Amino acid sequence: MTYHKTMKKLSNMRFTKPDKVLSLYLHTDRSHPDQQGGEWKIALKNGFNRLEEYIEASSMEELKRLRSIRENVEKYVESMDRKMPRGLIIFASADSGLWETFELQVSVPTDFYWEEYPVLDELQKMYQAYPLTGFILMQQNEIKILTSMFALIEESESMEYDLEIDDWRMHQGPSHHSSSMGSGAIKTASQVDHYEDRIHANQKRWVKSLGSMLDKKAADKQWEKIILVGDKGEAELLEGYMNKKVDAIIQKNLLNENENTVLEKLLA
């Protein structure tokens, strides 16, 4: 289940006493000055201790459930130690068996909540900053589509427009612009030039086709934002063939770079 679907599921959940849900937000960003010595471990312990003291004064049944959840949380967080994300969010309950985690590459403030519903306020703030976004990396007749949320890549697709079949197709393996020229012997310089000429001659047609495809994908994926990345002229041409709103055009050639590095550059 994607984070987007998980958020929707959590927003509709309600619990009945003594079963409640723990909503835990933990600041675990080791690049931050106040986390150099693993201070999140102390914050986790102290947060649970304070919550237990508060619950013990009102309900031993709830305390029993919280302690069972605490054991699972501490085991889980300990298992994450060497690959700890920058922000960790956990939603858990005892009786219903709810267990949902968000391992984020963006920082979150440390907070503990014990309520009859998942507390999503901070998560929703993070979503507003890093919503479900489609990044379209363009280079001539090749594209890469990155679906991102919370500064994480949820899905990556590479496609190219094949002149031989006059349609877009999924592209496997490393990018190379002569891949759609057909199989056989190595192409000569004149053949490559001829292929490039055909690409430019048919540009409007394949860009129009791409616009329709992206409109459908944006609806299916429920993208909140669309960012086009590539040559400004090509991106503006594509924008003109799309019904969905394009939120930004970024003039960078990032098609063949590491995807996580690409995301860091685009979100910086």
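Since the model is a prediction, treat every value here as computed from it, not as a measurement.
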Any side-chain donor near an acceptor of the partner, K8 and Q222, under 3.5 Å: yes
Does the side chain of M7 come within less than 4.5 Å of L123's, by heavy atoms? yes
Ignoring hydrogens and geometry, is there a side-chain-to-backbone donor-acceptor pair from D111 to Y25 under 3.5 Å? no
Evaluate side chain to side chain contact (heavy atoms under 4.5 Å, CB included) for K265 paired with L254, printing each intermediate quantity in order. CA-CA 9 Å; K265 290 181 177 180; L254 302 174; 4.2 Å; yes
Under 3.5 Å, is there a donor-acceptor pair linking the side chains of T147 and E154? no
Quick check: do T2 and T6 have side-chain heavy atoms less than 4.5 Å from each other? no
Distance-only, no hydrogens or angles: does the N141 side chain make a donor-acceptor pair with backbone N or O of Y161 under 3.5 Å? yes
Find out whether Y241 and L210 are in side-chain contact, i.e. whether some heavy atom of one side chain is under 4.5 Å from a heavy atom of the other. no
Within the 4.5 Å heavy-atom criterion, are L152 and V106 side-chain neighbours or not? no
Beyond-backbone contact of M138 with D231, side-chain heavy atoms, under 4.5 angstrom: no
The residue among N253, I145, I143, V229 that forms side chain to side chain contact (heavy atoms under 4.5 Å, CB included) with L137 is V229
Has the side chain of D29 got a donor or acceptor atom that lies under 3.5 Å from a matching backbone atom of S107? no
Does this structure show an ion pair linking E62 with K20, if we count only N-O contacts that are shorter than 4.0 Å? yes
Taking the six-membered ring where the residue is Trp, are the ring centres of Y76 and W99 under 6.0 Å apart? yes
Taking it one step at a time, do Y117 and F15 satisfy ring-ring contact (aromatic ring centres under 6.0 Å, His included)? CA-CA 6 Å; Y117 53 88; F15 297 79; 9.3 Å; no
